[in-house]
A.B. asks: 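A single structure is presented below for examination.
Not measured: the values here are computed from a predicted model. In what follows, chains carry the letters A, B, and so on, assigned in the order in which the sequence lines appear, proteins first and then strands, with residues in each chain numbered from 1. The analysis underlying the following values was restricted to heavy atoms, covering all of them including side chains, and did not include hydrogens, waters or symmetry mates.
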There are 2 protein chains.
Amino acid sequence: MQEGCTVNLTVKYIARKWTMLILLELYKGEGHVRRFSELKSCLGEITQKVLSARLRELEKEGLIENRVDKTTFPVKSEYILTESGLEIINIIKDMKRWALKWKISNIECGCQDCSQCVL
Amino acid sequence: MQEGCTVNLTVKYIARKWTMLILLELYKGEGHVRRFSELKSCLGEITQKVLSARLRELEKEGLIENRVDKTTFPVKSEYILTESGLEIINIIKDMKRWALKWKISNIECGCQDCSQCVL
DNA sequence: GATACCATGCAGGAAGGATGCACCGTAAAC
DNA sequence: GTTTACGGTGCATCCTTCCTGCATGGTATC
């Protein structure tokens with residue numbers, strides 16, 4: 001493996017702030033779909049600009065797809081997990097299993113009810 | 001899931017430059033062990049300082065262990081993958097399978113003989 | 001004193017991310 | 001005709017994190 005290898009690059013953008021949160025929000029959505037504005041409000045502190053940038057990135061990498069419905073009143077822009085994206089979610093789930101096994105005492109997780117986390 | 005969640009934090013330090021390469025070098029070593037100086041020369045361009053920092057980090061996170069042999073001539077410092085570290089390697093392998101499935105055309109990987117990559 | 005091995009401290013610079021503001025297009029509602 | 005909701009883009013600035021290079025430190029053997 002090298003720096004620049006696909007695995008390396010993938011891990012790198014997954015690790016960027018907001019990326020996993022966005023993937024998870026899509027995963028939670030009905031049919032793994034969410035609108036731009038839904039994501040915006042779910043994620044709270046994220047700015048439009050950053051959200052837009054992350055979505056572009058994930059789209060470019062093929063983890064999500066963008067479906068724009070121009071027939072509706074204000075434009076409706078939906079994002080949906082692709083098959084590839086769903087498989088990444090599974091890998092993230094493996095990471096969670098690992099974390100629960102080896103890092104039980106984690107404070108942030110400890111504060112939350114892990115059963116509420118979809119992962 | 002939140003920022004600050006174990007999964008998030010883990011992905012974050014795994015994504016840091018050199019971290020995966022170091023884990024892989026340990027994985028390749030006999031008994032999953034490597035000396036500081038071996039890692040240094042395997043990884044080529046890494047500086048002692050960064051290598052040292054990454055190893056500290058991985059040790060703190062429980063993915064590797066440090067065994068120092070002070071009885072020898074110059075000190076001998078060995079690093080070994082823990083059980084937890086080995087399981088992370090498996091997750092990274094899953095990522096590779098995913099990458100091979102969805103990102104076949106990756107240039108960097110294409111230049112190399114993937115069969116030579118231990119992942 | 002030179003060398004091998006392992007490591008840390010400081011300083012500079014690049015990259016990533018947050019923030020603020022302005023701006024585009026559409027179409028419905030007022 | 002102006003405002004509003006929706007989904008964006010472009011530019012500029014700031015701050016923090018990360019990476020790198022260079023110097024320095026300890027120890028113990030030769």
Side-chain angles (χ1 to χ4, degrees), chain A residues 2-5 8-23 25-26 29 33-61 64-80 108, chain B residues 1-5 8-23 25-26 29 33-61 64-80:
Chain A
Q2 333 183 282
E3 274 278 328
C5 160
N8 247 320
L9 295 179
T10 304
V11 171
K12 229 149 228 171
Y13 67 73
I14 297 281
R16 293 178 75 169
K17 199 171 179 182
W18 300 112
T19 305
M20 271 207 276
L21 281 327
I22 291 170
L23 288 175
E25 279 308 319
L26 293 180
V33 180
R34 280 277 152 95
R35 298 187 56 168
F36 186 87
S37 47
E38 288 176 323
L39 289 171
K40 176 89 180 62
S41 60
C42 287
L43 296 172
E45 308 238 290
I46 197 171
T47 59
Q48 277 195 332
K49 187 185 168 171
V50 173
L51 176 55
S52 180
R54 291 291 168 281
L55 289 169
R56 267 335 119 237
E57 194 167 37
L58 289 171
E59 197 184 353
K60 186 186 129 221
E61 296 294 337
I64 68 176
E65 266 177 38
N66 184 17
R67 293 175 184 167
V68 184
D69 186 351
K70 289 185 174 174
T71 65
T72 48
F73 336 158
V75 179
K76 188 173 155 191
S77 186
E78 287 182 332
Y79 294 89
I80 182 168
E108 296 255 5
Chain B
M1 189 169 57
Q2 332 183 280
E3 274 279 329
C5 160
N8 248 320
L9 295 179
T10 303
V11 171
K12 231 149 228 172
Y13 68 73
I14 297 280
R16 293 179 72 170
K17 199 173 178 180
W18 302 111
T19 305
M20 270 206 276
L21 281 328
I22 291 170
L23 287 174
E25 279 308 319
L26 293 179
V33 180
R34 279 277 153 94
R35 297 187 55 169
F36 186 88
S37 48
E38 287 177 325
L39 290 170
K40 176 88 179 63
S41 60
C42 286
L43 296 173
E45 308 238 291
I46 197 171
T47 59
Q48 281 192 325
K49 188 188 165 166
V50 174
L51 177 53
S52 180
R54 291 292 167 281
L55 289 169
R56 265 337 115 238
E57 196 167 35
L58 290 171
E59 197 184 351
K60 186 186 128 219
E61 296 294 338
I64 67 177
E65 265 177 39
N66 184 17
R67 294 174 185 168
V68 184
D69 186 350
K70 288 186 175 173
T71 66
T72 50
F73 336 154
V75 179
K76 189 173 154 191
S77 186
E78 287 183 333
Y79 294 88
I80 181 167

A.B. asks: Begin with the C-alpha distance, continue with both residues' side-chain angles, and end with the deciding distance and a verdict on side-chain contact (heavy atoms from CB on, under 4.5 Å) for B:Lys76 and B:Val68.
C.D. replies: CA-CA 6 Å; B:Lys76 189 173 154 191; B:Val68 184; over 6 Å; no
A.B. asks: Show the atom names and distances, to 0.1 Å, of all donor-acceptor pairs under 3.5 Å that link a side chain in residues 50-57 of chain A to residues at least two apart or in another chain.
C.D. replies:
residue: A:Arg54; atom: NE; partner: A:Lys17; partner atom: O; Å: 2.9
residue: A:Arg56; atom: NH1; partner: A:Glu59; partner atom: OE1; Å: 2.7
residue: A:Arg56; atom: NH2; partner: A:Tyr79; partner atom: OH; Å: 3.1
residue: A:Glu57; atom: OE2; partner: A:Arg16; partner atom: NH1; Å: 2.7

A.B. asks: Does A:Ser77 place a side-chain N or O at less than 4.0 Å from the phosphate oxygens OP1/OP2 of D:dG8?
C.D. replies: yes
A.B. asks: Can you tell me the distance, in whole Å, between the CZ atom of A:Arg67 and the C1' atom of D:dC6?
C.D. replies: 19 Å
A.B. asks: Calculate the interatomic distance between B:Arg56 atom CZ and C:dC6 atom P; express it in whole Å.
C.D. replies: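 Those two atoms, CZ and P, are 11 Å apart.
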A.B. asks: Answer yes or no: does a side-chain N or O of A:Ser37 lie under 4.0 Å from OP1 or OP2 of D:dA5?
C.D. replies: no
A.B. asks: Under the rule for side chain to side chain contact (heavy atoms under 4.5 Å, CB included), what residues qualify as partners of B:Val33, not counting sequence neighbours?
C.D. replies: B:Glu78, B:Ile80
A.B. asks: Please report, rounded to the nearest Å, how far the C1' atom of C:dG17 is from the CG atom of A:Leu21.
C.D. replies: 15 Å
A.B. asks: Is the shortest side-chain N/O distance from A:Ser52 to OP1 or OP2 of D:dT9 below 4.0 Å?
C.D. replies: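 So the side-chain polar atoms of A:Ser52 do come within 4.0 Å of the phosphate oxygens OP1 or OP2 of D:dT9, strictly under.
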A.B. asks: Quick one: which of C:dT19, D:dC19, D:dT9 gets closest to the side chain of A:Thr47?
C.D. replies: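 Output: C:dT19.
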A.B. asks: Is the phosphate of C:dA18 approached by A:Trp18 (side-chain N or O, under 4.0 Å from OP1 or OP2)?
C.D. replies: yes
A.B. asks: Once you round it to whole Å, what is the distance between P of C:dC6 and CG of B:Leu55?
C.D. replies: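 Answer to the nearest Å: 11 Å.
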A.B. asks: Between C:dG16, C:dC6, D:dC6, which nucleotide gets closest to the side-chain atoms of A:Arg16?
C.D. replies: C:dG16
A.B. asks: Using only atom types and a distance under 3.5 Å, with no angle test, would you say the side chain of B:Lys40 pairs donor to acceptor with the backbone of B:Ile46?
C.D. replies: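 Such a contact is found between B:Lys40 side chain and B:Ile46 backbone.
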A.B. asks: Taking side chain to side chain donor-acceptor pair (under 3.5 Å) as the definition, give me every residue that meets it alongside B:Ser77, ordered by chain and number, with sequence neighbours left out.
C.D. replies: B:Asn66
A.B. asks: Write down the distance between NZ (B:Lys17) and P (D:dC18), rounded to a whole number of angstrom.
C.D. replies: 14 Å
A.B. asks: Could you tell me how far apart B:Asp69 (CG) and C:dC6 (P) are, to the nearest whole angstrom?
C.D. replies: 11 Å
A.B. asks: Looking at residues at least two apart in the chain, or sitting in another chain, which of them share a salt bridge (Lys or Arg N to Asp or Glu O under 4.0 Å) with B:Glu25?
C.D. replies: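 B:Lys28, B:Arg34.
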A.B. asks: Between D:dG8, D:dC6, D:dT20, which one does the side chain of A:Phe36 approach most closely?
C.D. replies: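 The answer is D:dG8, which lies nearest to the side chain.
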A.B. asks: Report yes if a side-chain nitrogen or oxygen of A:Arg35 is closer than 4.0 Å to either non-bridging phosphate oxygen (OP1 or OP2) of D:dG7; otherwise report no.
C.D. replies: yes
A.B. asks: Find the distance A:Tyr13:OH to C:dG17:P and express it as a whole number of Å.
C.D. replies: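 Interatomic distance, OH of A:Tyr13 to P of C:dG17: 14 Å.
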A.B. asks: Once rounded to the nearest 0.5 Å, what's the spacing between atom CH2 of B:Trp18 and atom CG of B:Leu23?
C.D. replies: 13.5 Å
A.B. asks: To the nearest angstrom, how far is B:Arg54 atom CZ from C:dA7 atom P?
C.D. replies: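 Between P of C:dA7 and CZ of B:Arg54: 15 Å.
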A.B. asks: For nucleotides 23-29 of chain D, which of its nitrogen or oxygen atoms have a protein nitrogen or oxygen under 3.5 Å away, and what is each distance?
C.D. replies:
none

